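Heads up: the structure comes next, in structure tokens.
Bear in mind that the values here come from a model prediction, so they are computed numbers and not experimental data.
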Amino acid sequence: TLLVILFCLLFTAPGNQLIAYTANKLVDGLAINIKNGRFLYNDTFDITYRSPSLDFTAEQLKLDLYWWHCDGVCVENFSAKTVA
């Protein structure tokens, strides 16, 4: 049962939206916006983090991971339209 819950959180769009919602609520100044995609499948999402010492924004961030053809977890693509 725990593996099914973990799978649903990590590999489904509603699970990823729940992760983003939870992170937004738990971390002051964090705003993660993922519309209908998933974090790990090269779908775009936006991150904004503001604190007294840091102001970070990344728009149309993409992260594509794979683990079938490498020894561990490999990053195939990590890109953003803008980072400020």
Side-chain angles (χ1 to χ4, degrees):
T1 309
L2 183 60
L3 289 176
V4 172
I5 293 170
L6 184 63
F7 177 84
C8 290
L9 281 173
L10 294 177
F11 299 108
T12 66
N16 281 200
Q17 291 174 357
L18 180 62
I19 291 170
Y21 175 81
T22 303
N24 289 340
K25 293 297 180 185
L26 292 176
V27 179
D28 290 336
L30 179 65
I32 301 173
N33 184 10
I34 182 167
K35 293 186 174 133
N36 292 319
R38 296 172 290 177
F39 292 119
L40 305 179
Y41 289 95
N42 219 20
D43 296 328
T44 61
F45 58 97
D46 302 329
I47 295 178
T48 303
Y49 178 71
R50 288 189 170 78
S51 72
S53 60
L54 179 65
D55 190 7
F56 174 80
T57 300
E59 293 179 348
Q60 294 186 6
L61 191 64
K62 290 183 178 185
L63 176 63
D64 192 13
L65 301 178
Y66 67 97
W67 46 84
W68 304 115
H69 302 295
C70 68
D71 296 328
V73 177
C74 299
V75 177
E76 186 171 337
N77 179 32
F78 183 71
S79 62
K81 181 178 179 183
T82 59
V83 176

Extract all donor-acceptor atom pairs below 3.5 Å that involve side chains of residues 57-65 and protein atoms in other chains or at least two apart in sequence.
unit_1, atom_1, unit_2, atom_2, d
Glu59, OE1, Thr82, OG1, 3.1

Check against side-chain contact (heavy atoms from CB on, under 4.5 Å), Thr12 and Gln17: CA-CA 9 Å; Thr12 66; Gln17 291 174 357; over 6 Å; no
Are Ile19 and Tyr21 linked, directly or through other ILVMFWY residues, by side chains that come within less than 4.5 angstrom of each other? no
Partner residues of Asp55 under the salt bridge (charged side-chain N to carboxylate O under 4.0 Å, His left out) criterion, sequence neighbours left out: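 Checked Asp55 against salt bridge (charged side-chain N to carboxylate O under 4.0 Å, His left out); matches are Arg50.
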What do you reckon, is CG of Asp28 surrounded by more than 12 foreign heavy atoms closer than 6.0 Å?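 Incorrect, the count does not exceed 12.
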Neighbour count above 12 (heavy atom, 6.0 Å) for Leu54 CG: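 More than 12 within 6.0 Å, yes.
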Find the distance between CG (Leu9) and CD1 (Ile5) and round it off to the nearest 0.5 Å. 7.5 Å
Distance (rounded to the nearest 0.5 Å) between Asp43 CG and Lys35 NZ: 12.5 Å
Residue list, ring pair (Phe, Tyr, Trp, His ring centres under 6.0 Å) with Tyr49, at least two apart or on another chain: none
What pair of heavy atoms forms the shortest contact from Ile32 to Ala23, and how long is it?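 Looks like CD1-CB, 4.1 Å.
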Considering the options Asn33, Ile34, Leu30, Val83, which one meets the side chain to side chain contact (heavy atoms under 4.5 Å, CB included) requirement together with Ile47? Leu30
Given side-chain contact (heavy atoms from CB on, under 4.5 Å), test Asn16 with Phe45 step by step and report yes or no. CA-CA 11 Å; Asn16 281 200; Phe45 58 97; over 6 Å; no
